[in-house]
Amino acid sequence: MFKDVDEQLEVILRGTVDIVTKEELIKKLKRSYEENKPLRVKLGLDPTAPDIHIGNAIPIHKLRAFQSLGHTAILIIGDYTATVGDPSGVNKTRPMITYEKVLENAKTYLSQAGKILDLKKTEVVYNSEWFKKMTFHDVIQLAAKMTVARMMERDDFTKRYSAGIPISVHEFIYPLMQGYDSIMVKSDVELGGTDQLFSLLVGRDLQRDAGVEPQVALTTPLLEGIDGNKKMSKSLGNYIGVTETPTEMFGKAMSIPDNLMHKYFELATDLSIKEINHLLNIHIHPRASKVSLARAIVQRYHDKKDAEAAAAEFDRIFKEHELPDKIPDVEISGGELTDGKIWVVRLIVLCGFAATNGEARRLVQQGGVSINNDSVNDPTLNIELKTDMILKVGKRRFARIVMKK
RNA sequence: GGGUGGAUACCCGAGUGGCCAAAGGGGACAGACUGUAAAUCUGUUGGCAUAGCCUUCGGAGGUUCGAAUCCUCCUCCACCCA
């Protein structure tokens with residue numbers, strides 16, 4: 001039923017960073033193979049935001065790989081941990097979010113994770129299931145298993161502490177909660193980003209303490225955001241969401257810096273190493289490589305046809321400077337007009353392309369505005385407004401005007 | 001409980017009576033260029049139908065012709081000692 005251990009290892013180890021420990025992993029795989037018993041592979045997701053992006057999708061894809069190999073995927077929806085806020089990889093306390101908000105996010109999370117995993121074969125559990133029942137006494141017992149010194153070994157905390165950035169006590173509880181999850185679901189392997197390593201190791205300690213065999217900790221790289229600088233995250237706005245439209249995905253993928261192409265290829269597409277090396281060949285023009293990359297990303301979450309269409313549209317807008325397929329309509333009410341005319345600056349604001357008149361005025365002065373392909377440079381201009389006029393601001397913002405009585 | 005240092009625009013951060021709508025950096029936006037929403041370079045970045053006026057430097061008062069800057073009280077934060 002299972003492939004042999006070496007074959008499995010090849011799939012499992014692709015794109016991983018830490019394996020604690022490789023020997024244990026091999027041992028577990030061997031046993032699973034011999035006894036024909038799937039490994040229990042755990043991934044915890046905290047629904048702190050409504051969207052999954054291609055960065056936090058990386059471990060989900062890894063979980064999917066285990067699933068495809070015949071192992072049991074366990075997806076923990078961290079509805080309780082989410083309200084605490086994971087301190088990993090952040091330099092300040094995460095704002096606490098309400099339980100209602102978490103449950104709302106959890107719904108969209110699950111459907112988005114379903115784009116990657118086979119949910120029918122996935123054990124989905126909410127960690128409120130056990131945390132809700134714990135008493136304060138239980139919490140103290142759990143907290144007693146960790147020392148402050150060990151907690152402070154973490155780089156995240158050390159940095160914050162020495163920089164004088166506050167660390168709340170509840171943040172110390174977080175890794176313990178995550179570790180406790182591992183006991184509850186009896187995991188053999190736990191996945192996570194490299195920033196999760198500490199928490200994954202705490203899980204091992206707690207399991208050992210509870211008298212069960214510790215899980216293997218397996219981490220995947222963190223993906224930089226499309227700005228090429230910081231970790232991809234919702235709050236920094238540098239992400240590609242897995243539910244975004246093909247056009248958006250494609251455009252965002254095209255905006256990553258060249259030097260990140262390799263990493264994106266490896267972590268955000270389904271292409272084989274061989275194909276990737278071929279596409280990044282030095283004789284291939286970097287733009288062509290990036291187009292292939294953008295296509296492959298779109299294809300992973302949509303389909304091939306969507307990817308082609310997105311690529312074609314991108315060329316049309318940015319190479320041929322033509323209009324996109326779909327231009328959003330903006331209704332302008334007749335009351336905005338004086339003698340059938342409207343002040344350009346006002347129009348830009350009404351279309352939502354600038355927050356204030358001053359900003360709109362600047363856009364005009366900088367030559368970023370055109371109407372029906374004629375550029376507008378005079379910020380005092382009044383224009384005669386007609387339905388179907390196309391307003392273009394910057395390189396990629398378009399609106400079709402629709403008059404409303 | 002005692003002490004010290006803080007709070008400045010989207011973020012970081014300089015500014016200690018007038019030259020302050022407030023340096024510098026980041027981000028964002030626009031333009032040029034082209035290989036693209038890469039890179040690089042340039043510009044813009046409180047509001048106002050803009051040579052002027054209005055509102056902003058944690059909050060409320062006060063001193064002064066004039067306050068981000070000085071004083072009082074308040075709120076919040078960090079650090080040190082216990």
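Predicted model only: the values in this text are computed from it and were never measured. A note on names: the letters A, B, ... follow the listed sequences, proteins ahead of strands, and every chain is numbered from 1.
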Between A/Tyr264 and A/Glu224 (side chain of the first, backbone of the second, donor and acceptor by atom type, cut-off under 3.5 Å), is there such a pair? yes
Opposite nucleotide pairing with B/rC57, Watson-Crick or G-U, both atom distances under 3.5 Å: none
Taking the P atom of each, how far is B/rC33 from B/rG47, in whole Å? 29 Å
With rounding to the closest Å, how many angstrom separate the P atoms on B/rA7 and B/rC57? 14 Å
Rounded to whole angstrom, note down the C1' distance from B/rC70 over to B/rG26. 33 Å
A/Lys392 NZ to B/rA37 C1', in whole Å, measures 12 Å
Select base, sugar-phosphate, or nothing to describe what A/Gly394 touches, counting heavy atoms under 4.0 Å on all strands. sugar-phosphate
To the nearest angstrom, how far is A/His285 atom NE2 from B/rU36 atom C1'? 10 Å
Is A/Arg397 close enough to B/rC29 that one of its side-chain N or O atoms is under 4.0 Å from OP1 or OP2 there? no
For A/Asp51, is there an ion pair with A/Lys234 - N to carboxylate O distance below 4.0 angstrom? yes
With distance as the sole criterion, do the side chain of A/Gln366 and the base of B/rG31 form a donor-acceptor contact below 3.5 Å? no
Who does B/rA78 pair with, Watson-Crick or G-U, both distances under 3.5 Å? B/rU4
So A/Pro257, base contact, sugar-phosphate only, or nothing? Heavy-atom distance under 4.0 Å. sugar-phosphate
Between B/rU69 and B/rG15 - P atom distance, rounded Å: 15 Å
Could you tell me how far apart A/Phe250 (CZ) and B/rA38 (P) are, to the nearest whole angstrom? 14 Å
Given that both distances must come in under 3.5 Å, which nucleotide forms a Watson-Crick or G-U wobble pair with B/rC19? none
Going by 5.5 Å between centroids and 30° between planes, is there a stack of A/Phe318 over B/rA37? no
Pairwise C1' distance, B/rG17 and B/rA49 [rounded to whole Å]: 36 Å
Rounded distance in Å - CZ (A/Phe398) to P (B/rA37): 11 Å
Kindly assign one of parallel, tilted or perpendicular to the pair A/Phe172 and A/Phe157, based on the angle between their ring planes and the thresholds 30° and 60°. perpendicular
For B/rG27, give the paired nucleotide (Watson-Crick: N1-N3 plus N6-O4 or O6-N4; G-U: N1-O2 and O6-N3; both under 3.5 Å), or none. B/rU45
Could you tell me how far B/rG31 sits from B/rA37 if I compare only their C1' atoms? Round to whole Å. 15 Å
Where each residue is assigned the nucleotide of RNA chain B containing its nearest heavy atom, which of A/Thr338 and A/Gly367 is assigned the position nearer the 5′ end? A/Gly367
Round to the nearest Å and state the distance from A/Asp227 atom CG to B/rG27 atom C1'. 9 Å
Check this for me: does any side-chain nitrogen of one of A/Lys27 and A/Asp188 sit under 4.0 Å from a carboxylate oxygen of the other? no
When you compare the side chains of A/Asn357 and A/Trp343, does any donor N or O come within less than 3.5 Å of an acceptor on the partner? no
Mind running a 4.0 Å heavy-atom check of residues 354-364 of chain A against RNA chain B and sending the residues that fall below it, in number order? A/Thr356, A/Asn357, A/Gly358, A/Arg361, A/Arg362, A/Leu363
Counting just side-chain N and O atoms, does A/Lys395 come under 4.0 Å of either OP1 or OP2 of B/rG31? yes
A/His321 and A/Arg316 side chains, donor-acceptor separation under 3.5 Å: no
List in numerical order all residues of residues 294-317 of chain A for which some heavy atom is under 4.0 Å away from an atom belonging to RNA chain B. A/Phe314
Nearest-angstrom distance, P atom, B/rG25 to B/rC77: 33 Å
Those residues at least two apart in sequence (or on a different chain) that pass side-chain contact (heavy atoms from CB on, under 4.5 Å) with A/Leu337 are A/Ile342, A/Leu385, A/Met403
Report the relative orientation of the aromatic rings in A/His71 and A/Phe66; use parallel for angles under 30°, tilted for 30 to 60°, perpendicular for over 60°. perpendicular
Determine whether the side chains of A/Asn127 and A/Thr81 contain a donor N or O and an acceptor N or O closer than 3.5 Å. yes
Applying a 3.5 Å limit to both distances, which nucleotide forms a Watson-Crick or G-U wobble pair with B/rU64? none
In whole angstrom, give the distance that lies between atom CD1 of A/Ile284 and atom C1' of B/rG35. 14 Å
Side chains of A/Thr48 and A/Asp46: donor-acceptor distance under 3.5 Å anywhere? no
Rounded to whole angstroms, how far apart are NE2 on A/His321 and C1' on B/rU34? 10 Å
Which residue is it: A/Gln207, A/Gln178, A/Gln196, A/Arg204? I am looking for the one with a side-chain contact (heavy atoms from CB on, under 4.5 Å) to A/Glu190. A/Gln178
Toward the 5' end of RNA chain B, which comes first, A/Lys319 or A/Val345, by nearest nucleotide? A/Lys319
Value in whole Å for how far the C1' atom of B/rU40 lies from CG of A/Asn259: 14 Å
